[in-house]
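Please read the structure below before turning to the comments.
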There are 2 protein chains.
Amino acid sequence: MSEKPDRKAARATADLVAREANVSRVAVSRAFNPNASLKPEKRDRILKVARELNYTPDMAARALVTRRSHLVGMIVPDVCSPWESQEIDALTTALQAEGFATLLFKAKADFSMDPMLLTYMRGFNPDSVIAFTENIEPAVLSSFLDRAVPIYVIYDDADAFSGKASETLYDRLLVRQKDGIEQAVALLQGYGVRRIAYLGGKKQSLANTERERMIAQVLADRGMAPPVTVPGDYTYDTAYRSTLDLFRVGSGADAIFAANDVGAFGAIDALRHELGLSVPDDVKVVGFDDIPQAHWKSYNLTTVRIDLDDRVRALVRLILRRLKTPDADPLVETLTTRLVVRGTVG
Amino acid sequence: MSEKPDRKAARATADLVAREANVSRVAVSRAFNPNASLKPEKRDRILKVARELNYTPDMAARALVTRRSHLVGMIVPDVCSPWESQEIDALTTALQAEGFATLLFKAKADFSMDPMLLTYMRGFNPDSVIAFTENIEPAVLSSFLDRAVPIYVIYDDADAFSGKASETLYDRLLVRQKDGIEQAVALLQGYGVRRIAYLGGKKQSLANTERERMIAQVLADRGMAPPVTVPGDYTYDTAYRSTLDLFRVGSGADAIFAANDVGAFGAIDALRHELGLSVPDDVKVVGFDDIPQAHWKSYNLTTVRIDLDDRVRALVRLILRRLKTPDADPLVETLTTRLVVRGTVG
DNA sequence: CTTAACAATGAACACGCTTTCATTTTTGTC
DNA sequence: GACAAAAATGAAAGCGTGTTCATTGTTAAG
């Protein structure tokens with residue numbers, strides 16, 4: 001870590017570059033704006049001088065006049081969650097390549113957003129906002145919408161949504177969770193499973209609600225017993241305790257469908273290391289997400305995969321399109337899910 | 001996700017608020033600047049009008065004149081790494097509370113930084129830069145230092161550094177890694193371990209180099225055989241493969257000291273699930289970091305803990321102090337490490 | 001060679017805010 | 001109630017850039 005003793009350090013401005021290169025300040029601006037017309041040799045000379053002077057256009061000044069901050073705000077409840085950190089990583093990489101920087105904010109643990117935080121965030125004028133927090137308040141939404149900032153709330157849309165883009169005002173990312181869930185349930189049924197427990201995620205999470213609803217629906221379609229619902233919050237520790245509670249009561253469940261992979265890990269460890277049960281012999285376990293840890297040998301988790309690359313690509317496509325053509329018609333991107341079979345079911 | 005159909009959406013400015021509240025624009029500015037002198041009732045009235053108009057000061061405009069962007073740049077090679085994501089999360093939370101927003105950038109996988117990226121980043125004028133990338137290039141450093149931006153390169157300083165602040169130009173975070181390493185080696189020796197393998201991290205990582213050097217030193221001090229060094233890169237998969245290689249060759253190692261917890265997980269899984277060895281009966285394993293996953297029952301890892309809270313607190317203290325008093329003398333914050341005993345040694 | 005069309009150029013303005021600085025109002029003291 | 005000191009106020013200047021718009025320099029067509 002370090003710091004410059006000399007505080008005088010004047011940063012180079014476009015004016016200085018212009019003077020040094022014997023051109024007008026406007027020419028310097030044009031040199032850094034690829035689609036502006038400027039004689040090539042002149043541009044080269046300016047860029048050379050700029051490099052020597054260690055000059056970079058000031059984004060703040062630029063944002064002030066262009067009304068584009070080149071910032072994309074991300075609101076995240078828990079950066080440590082493997083699934084979210086993957087998304088942050090991938091989105092940041094993709095947006096960075098397009099010239100946008102990630103502005104990171106922490107939401108409150110209960111997935112809600114501090115109104116103060118949002119007000120503060122608005123001050124930075126992000127060109128777009130991506131919220132990993134699902135229960136975003138309408139007031140907050142409209143406060144951004146007043147400034148015509150496209151907001152992307154990341155959660156997995158219900159299949160119930162028909163897919164007719166014209167029916168909605170917004171861009172949407174539609175994740176067909178049912179596809180993977182059907183494959184998972186079919187596999188479990190094939191192994192003779194009779195009673196499935198659903199180990200939930202955060203109550204406020206829409207993705208969680210949808211998953212629960214859809215699992216119930218698929219079970220009903222196949223003539224199976226409705227799921228036993230076990231409380232969870234996407235964390236290992238809660239999943240661990242809930243699993244203990246479930247089996248000490250003796251619910252008769254012979255399979256656990258977890259709302260996310262981390263929860264599945266907690267369930268597996270409770271079963272194996274505290275209840276003395278075997279996975280998959282006594283109890284089968286299926287997760288959701290397919291995070292990198294799912295293939296770790298200690299878990300080797302069978303799970304419903306949401307392809308991160310596809311997901312991020314679709315999201316970036318939506319965002320960039322909206323930024324470039326703000327008045328374009330709302331678009332719906334659809335993703336599917338599929339079961340990845342590993343060792344916790346067979 | 002959503003977008004406002006109406007693009008006109010004029011954002012409220014200080015001028016508008018001033019007109020609406022029958023005051024001068026200067027008064028509005030003062031209302032939002034706590035230490036400016038303004039009659040309390042007047043301030044209240046202004047803030048009320050501002051709230052009604054949904055007004056927030058524009059940070060870009062503010063930054064332009066105050067020369068403070070209230071942005072802290074973070075350069076991260078891998079957001080998904082549990083240890084790094086923890087740090088990002090904690091730092092963002094702490095800085096957010098102090099009114100700073102996190103500007104996130106991805107470094108290249110080899111821990112180096114793309115010069116273009118840095119140039120781009122400089123354009124945002126971060127008030128400070130925190131680099132999780134350890135082999136930061138001097139040219140890059142000085143390009144920021146020219147603007148008197150304090151840079152914090154996060155790695156664990158050698159104990160070799162005497163702690164005399166006057167001898168360095170920079171603020172430093174000194175992590176006494178040796179403390180925990182000594183405890184770990186003592187424990188291993190107590191269990192009769194004779195030959196320790198060091199499962200390394202990324203070659204470019206200074207923390208890794210330091211850890212290796214210090215383990216060798218502690219072993220020598222205790223009259224033990226020098227460590228067998230096994231190549232690694234902080235990832236699970238590499239650790240897994242390296243461990244297989246090590247034991248198939250038959251190195252005679254009866255303990256593995258991993259450069260980080262994730263690497264330790266890979267080693268444990270290779271030993272248990274592929275080599276048919278027992279941890280801790282056949283081979284003892286010690287990790288480094290104490291990430292949350294370390295207490296998961298499948299691993300239950302004995303590891304050298306670097307207290308994240310202490311670490312972040314110290315870092316935030318350094319950063320804020322430097323931002324408030326840029327000319328203050330360089331300061332050194334010292335942290336210790338300690339062994340957390342769980343199930344992979346006893 | 002002339003004229004029209006076009007590319008290149010720079011002066012001036014705007015973006016939204018903070019900060020002097022000189023002025024006015026309020027407060028405190030005898 | 002008079003004076004000095006302190007607090008409150010607003011006009012104007014400026015932060016570093018992009019963008020008209022009118023002007024100049026250059027090329028293409030006739």
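Chain letters run A, B, ... following the sequence lines, proteins first, then strands; residues in each count from 1. Just so you know, these numbers use all the heavy atoms, side chains as well, and skip hydrogens, waters and symmetry mates.
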Within the sub-3.5 Å range, which N or O atoms of nucleotides 5-7 of chain D have a protein N or O partner, and how far apart are they?
none

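Using a 4.0 Å cut-off between charged side-chain N and carboxylate O, A:Arg311 and A:Glu333 make no salt bridge. A salt bridge between B:Glu41 and B:Arg45 is absent, with no side-chain N of the basic residue lying under 4.0 Å from a carboxylate O of the acidic one.
Contacts of A:Phe100 classified as ring-ring contact (aromatic ring centres under 6.0 Å, His included), with partners at least two apart in sequence or in another chain: A:His70. Legend: residues meeting side chain to side chain donor-acceptor pair (under 3.5 Å) with B:Arg67, ordered by chain and number and at least two apart, are absent.
In this entry the distance linking CZ of B:Arg68 with P of D:dC15 reads 18 Å, nearest Å.
Applying the 4.0 Å criterion to OP1 and OP2 of D:dG10, one finds that B:Lys42 has a side-chain N or O inside that range.
Within a heavy-atom distance below 4.0 Å of DNA chain D, no residue of residues 44-51 of chain A is found.
For the residue pair B:Asn125 / B:Ser69, no side-chain donor-acceptor distance below 3.5 Å is found, with atom types taken as modelled.
Ring centroid separation for the pair A:Phe124 and B:Phe124 does not come in under the 6.0 Å cut-off. Residues A:Phe32 and A:Tyr55 place their aromatic rings such that the two centres sit under 6.0 Å apart.
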Mark up nucleotides 15-20 of chain C, 5' to 3', with B wherever a protein heavy atom is under 4.0 angstrom from a base atom, S wherever such an atom reaches only the sugar-phosphate, and - elsewhere. BBBBBB
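Here the closest non-hydrogen pair linking B:Gln86 and A:Cys80 is CA-SG, 3.5 Å.
Note that the CG atom of B:Asp15 and the CD atom of B:Glu20 stand 12.0 Å from one another [nearest 0.5 Å].
Residue pairs satisfying the side chain to side chain donor-acceptor pair (under 3.5 Å) criterion with at least one member in residues 88-104 of chain B, sequence neighbours excluded, are listed as follows: A:Lys106-B:Asp89, B:Thr92-B:Thr102.
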